[in-house]
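We count ligands from 1, going down the list as the structure has it; atoms in each ligand are counted the same way. One-based numbering along the sequence shown.
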Amino acid sequence: MRQRLVAGNWKMRGCLSANQQLLDSLVQHLSSLSDVEVAVCVPFPYLAQAKTTLLNTQLTWGAQDVSSELKGPFTGEVSAEMLQDFGCKYVIVGHSERRALYGETNHIAALKYQAAQLAGLKPIFCVSESLEEFEAGNSKQVVLAQLETVIHLCGVESLKHAVVAYEPFWAIGGDISAPPEHVQSMHSAIRKYVETSDKSVADHLQIVYGGSIKAANAAQLLSQPDVDGGIVGAASLDAVEFSEICRSARKLS
Ligand code: PGA
């Protein structure tokens, strides 16, 4: 059985006091949850707070982006080694908001994935298509091309130390997720694509879904056979709702 993961993606939200309440509450709600890994991906300035609060708890933490460079004169960038310093296990790479709003290309996303792995972090590599691509029936082609860039650069075996997140851009940040059947068909296409290179890697690959997961729809989405967990944006800011989502992942495993 593949390990299930539910990761909160706070995006650019939070402040010291609200984070503390949220993190304390998550520890309280989720400390007895043993069969689902729960992570929070927080803004860089709050990594120290996450580390201090979550060390020696069941929860893990990570960042939402990383530099493709290892170190040097790159003003404003944060390296994978720095994230290591703060005890991160995960880093989100190639999120569709970074691709769409900050011009992150497949190549840059793949370099970030490589930099993360070099420092021992587990990239959560996001693949996604736009609404136009979805409506044109090109979802699989677009998403598999994104995945191919990391396989080409780092090899299929690198996926043993990564999570793939299918996060259709058109389903993010609203109330309505992508239809569960569409999600399953995309996850299955991703797994089959990896299988053409390495069956064992494909069988063990954690493929999680992100895009408007709420407590109300989590069970339906997370019960799809190729869905191994979720990335939760807005709903991860509410401890009760997020905990409920994490418990839905467990109920089905
Ligand atoms: P959302 O965000 O749950 O707010 O749609 C998910 C994500 O972008 O990771």
Side-chain angles (χ1 to χ4, degrees), residues 4-14 18-19 22 26 36-44 46-47 50 59-66 88-104 109 112-113 116 121-131 133-134 139 142-143 146-147 162-180 182-183 186-187 190 206-224 227-249:
R4 289 180 165 263
L5 168 71
V6 178
N9 175 10
W10 292 4
K11 308 196 180 184
M12 197 172 71
R13 298 177 178 126
N19 299 347
L22 176 58
L26 290 179
V36 178
E37 183 175 355
V38 178
V40 288
C41 293
V42 309
F44 294 134
Y46 301 126
L47 284 172
L59 280 80
T60 53
W61 60 97
Q64 303 168 15
D65 191 19
V66 65
C88 289
K89 175 170 180 184
Y90 292 103
V91 59
I92 297 173
V93 167
H95 190 279
S96 57
E97 285 157 8
R98 302 238 35 107
R99 292 176 189 268
L101 307 175
Y102 298 95
E104 200 163 294
K112 290 183 173 189
Y113 171 103
L121 300 171
K122 212 171 190 185
I124 299 176
F125 186 71
C126 300
V127 292
S128 61
E129 82 279 19
S130 66
L131 184 60
E133 290 161 339
F134 169 66
S139 303
V142 170
V143 158
Q146 292 167 0
L147 188 61
V163 174
V164 172
Y166 172 56
E167 296 218 320
F169 193 45
W170 48 273
I172 287 178
D175 287 325
I176 302 175
S177 73
H182 171 76
V183 173
M186 292 300 294
H187 283 226
I190 291 168
Q206 271 181 300
I207 310 175
V208 299
Y209 166 76
S212 304
I213 300 183
K214 312 286 175 206
N217 62 19
Q220 236 202 334
L221 289 160
L222 303 181
S223 64
Q224 300 303 315
V227 176
D228 306 312
I231 306 291
V232 184
S236 71
L237 278 303
D238 179 321
V240 173
E241 173 120 19
F242 185 59
S243 304
E244 183 94 355
I245 294 169
C246 297
R247 276 193 292 271
S248 307

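Here is the list of ligand 1 atoms found below 4.0 Å of a heavy atom in Ile231: 9 (O). Less than 4.0 angstrom separates some heavy atom of Gly211 from each of these atoms of ligand 1: 5 (O). Heavy-atom proximity to Glu167, at under 4.0 Å, picks out these atoms of ligand 1: 7 (C), 8 (O), 9 (O). Close contacts of ligand 1 with Ser212, meaning ligand atoms under 4.0 Å from a residue heavy atom, involve 1 (P), 3 (O), 5 (O). Remark: ligand 1 atoms within the under-4.0 Å shell around heavy atoms of Ala234 are 1 (P), 3 (O), 4 (O).
To the nearest 0.5 Å, the span separating CZ on Arg99 from CD on Glu129 amounts to 11.5 Å.
Between Met186 and Ser139, the closest side-chain pair of non-hydrogen atoms falls below 4.5 Å. At a threshold of 4.5 Å between non-hydrogen side-chain atoms, the residues Leu221 and Val227 do not count as touching. Side chains of Asn19 and Val42 form no contact here, defined as non-hydrogen atoms less than 4.5 Å apart. Two residues are said to be in side-chain contact when any heavy atoms from C-beta on lie closer than 4.5 Å; Pro43 and Met12 fail this criterion.
Residue Ile172 touches ligand 1 through backbone and side chain together, judged by heavy-atom distances below 4.0 Å.
Annotation: atom 6 (C) of ligand 1 to nearest protein heavy atom, Gly233 N, 3.6 Å.
Within the structure, the closest approach of Gly210 to ligand 1 does not fall below 4.0 Å when heavy atoms are considered. Using a 4.0 Å heavy-atom cutoff, Lys11 is listed among the residues neighbouring ligand 1.
With a 6.0 Å radius and a threshold of 12 heavy atoms from other residues, nucleotides or ligands, Ile176 has its CD1 atom at or below the threshold.
Ring orientation note: the planes of Phe134 and His182 are nearly perpendicular, at an angle over 60° on the 30°/60° scale.
Taking any N or O of Gly173, backbone or side chain, at least one lies under 3.5 Å from an N or O belonging to ligand 1.
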